[in-house]
Amino acid sequence: MSLDYVKFSNGFEKFMPKEYRDMVEHGPFGRKVTVSQMGSFKEVLEEHPMCAGCAMTLFIRLAMIAFPNPEDTITVGTAGCGRLAISQAAIPFVYGNYGDQNGVASGLSRGLRLRFGDKPKDVVVMAGDGGTADIGLQQVLHSWFRKERFTTIMLDNEVYGNTGGQESGMTNKGAVLKMAPLGKKFEKMDMVQLAKVAGCAYVATVVPNNPRRVESVIKKAVLVAREIGPSYIQAYTSCNIEYAIPTDKVMEDAKAVENDRYQFMEYVSEEAKQYLTERYGYKEFLAKQAAPAASISGKA
Amino acid sequence: MYLVADINVEICAAKNCKLCTQYCPEANTILYSDELGKDKGFKYGSAYVAVDRCKGCAQCVWVCDNMAKNHAIKMIMIDQLPQAALTENIMYGEKSTTAVLTSPVIG
Ligand SMILES: Cc1ncc(C[n+]2csc(CCOP(=O)(O)OP(=O)(O)O)c2C)c(N)n1
Ligand code: SF4
Ligand code: SF4
Ligand code: SF4
């Protein structure tokens, strides 16, 4: 929970594995790294058992690069595929019972504020669609109603992937899965709308086939949660196993789903816009300048 | 034996787009070296694969073929690669990495 916790104790350097040394010396801690620098610095995510070609894996990889202060971040997760990778990173990870992640994160973020005051310590929940919209829904919604200041990220693969293919509230209507052989009878839940109604200050949907956008929304969500209020990101992270997507077609599928039900959407409260602009120098929320007269008359 | 991704340095270095790195699901797997291809006159280096971390999904092949439109990556049986990068032989630098290539299969 600070840069110091990853550093070597004097005399121990030579006993540390190469991966660890690389991470301390060439990792993202204490400096800014971006998606466009990927492949030239050591990432904090290590090897893990998630399936080959899983889009959720890619999303988690990008998310960890996007965290504004990885050395001051704690991730919280729950049962489901994502924790298999999230737990294999040099970022402290808290794992609770299935569905209690937003309750755990509420206590954690309050405790960190008591202990560290104004020094930002970011709490980021990453959990599946089952964990977020079904089993954990009550705790998720109440954390938003209570305006708990941390980020909730739904890894939406539209299925219970880790347990072999049951439908979730986020499964698309009509989808046939191994353990939903008759097809889902109900609509996909509108968690984005629920997040807005429940008072999130920043809400966005994203797909991993746009790495820079993933980076951008996660940064904003984490920064907004520091002071303004809860933030929610809903990411489409396909399960190529349960939806039988050939691994080399995962990005094609992401594009198709983006066009169908995952168009980019971003909601930023007025207070959050002002905060991002004034505190962190964001320019995108400044009022657009009035169009010059020439273009109004069509002679741009 | 199993398939891993293999990047053709000459084809990649001619384009130098760094896209595949951003789409590989595995961290620390497709890396970038400013040095690769310099001996052949290319200025900006090439991507390469740490084959011990590659899970063989071929997403990078799709990205290079369809997004970069460069066709620099092929899937190849690991024992058919005379030389490849392994994590233990990769050095990180300020802005790029370098790798000493060795036989990826023992014996
Ligand atoms: C209380 C409890 N009930 C059931 C389970 C079994 N379980 C583990 S993962 C999982 C489903 C995960 O689905 P989702 O949250 O959508 O995540 P995914 O695996 O799809 O990423 C279930 C039901 C559990 N671990 N704990
Ligand atoms: S089961 Fe699906 S979501 Fe889980 S790791 Fe495999 S591909 Fe990813
Ligand atoms: S996508 Fe192709 S051309 Fe671009 S860096 Fe990767 S291998 Fe090279
Ligand atoms: S085959 Fe998959 S795991 Fe291997 S380098 Fe390509 S994208 Fe990465």
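Per chain, numbering begins at 1; letters A, B, ... match sequence-line order. Note that the coordinates shown come from a computational prediction; the quantities given were computed from them, not determined experimentally.
- A donor and an acceptor atom, one from each side chain of A/Tyr262 and A/Gln234, are located under 3.5 Å apart.
- If you measure heavy-atom distances from A/Phe59 to chain B, you find no contacts under 4.5 Å at all.
- Interface remark: B/Thr87 contributes backbone and side-chain atoms alike to the contact with chain A (heavy atom separation under 4.5 Å).
- Only the side chain of A/Lys18 comes within less than 4.5 Å of a heavy atom of chain B; its backbone N, CA, C and O stay farther away.
- For a residue to count as touching a neighbouring chain, one of its non-hydrogen atoms must lie under 4.5 Å from one of that chain's; by this rule A/Glu19 touches chain B with the side chain only.
- Note: B/Glu26 leads B/Lys18, B/Met67, B/Glu26 in heavy-atom pairs under 4.5 Å with chain A.
- Ranked by heavy-atom pairs under 4.5 Å with chain B, the first of A/Thr57, A/Leu62, A/Ile60 is A/Thr57.
- A/Glu43 touches chain B through backbone and side chain together, each having a heavy atom under 4.5 Å away.
- Among A/Lys42, A/Glu47, A/Met38, the single residue meeting the side chain to side chain contact (heavy atoms under 4.5 Å, CB included) criterion with B/Asn28 is A/Lys42.
- For the options B/Ala58, B/Gly56, B/Cys24, heavy-atom pairs under 4.5 Å to chain A are most numerous at B/Cys24.
- Using a 4.5 Å cut-off between heavy atoms, A/Pro17 makes no contact with chain B at all.
- Using modelled atom types, one finds a donor on one side chain and an acceptor on the other under 3.5 Å when comparing B/Tyr48 with B/Thr97.
- Listed for the B/Lys69 side chain is a donor-acceptor partner under 3.5 Å among the backbone atoms of B/Asn66.
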* Derivation and outcome, salt bridge (Lys or Arg N to Asp or Glu O under 4.0 Å), residues A/Lys188 and A/Asp156 -> CA-CA 11 Å; A/Lys188 183 178 174 79; A/Asp156 183 13; 2.6 Å; yes

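- Among A/Met50, A/Glu252, A/Arg212, A/Met56, the residue making the largest number of heavy-atom pairs under 4.5 Å with chain B is A/Glu252.
- For B/Asp52, the part lying near chain A is the backbone, with the side chain staying farther off; criterion is any non-hydrogen pair under 4.5 Å.
- Contact annotation for B/Cys54: neither backbone nor side-chain heavy atoms come within less than 4.5 Å of a heavy atom of chain A.
- Under a 4.0 Å N-O distance rule, the pair A/Lys121/A/Asp72 qualifies as a salt bridge.
- In terms of heavy-atom pairs under 4.5 Å with chain A, the best-connected choice from B/Ile90, B/Val61, B/Asp34 is B/Ile90.
- A salt bridge does not link A/Arg21 to A/Glu13: none of the charged side-chain nitrogens sits closer than 4.0 Å to a carboxylate oxygen.
- Checking A/Asp253 against A/Tyr236 by side-chain atom types alone, a donor-acceptor pair falls below 3.5 Å.
- Using cut-offs of 30° and 60° for the angle between ring planes, the A/Phe8 and A/Tyr20 rings count as tilted.
- Neither the backbone nor the side chain of A/Ile65 comes within contact range of chain B; no heavy atoms are under 4.5 Å apart.
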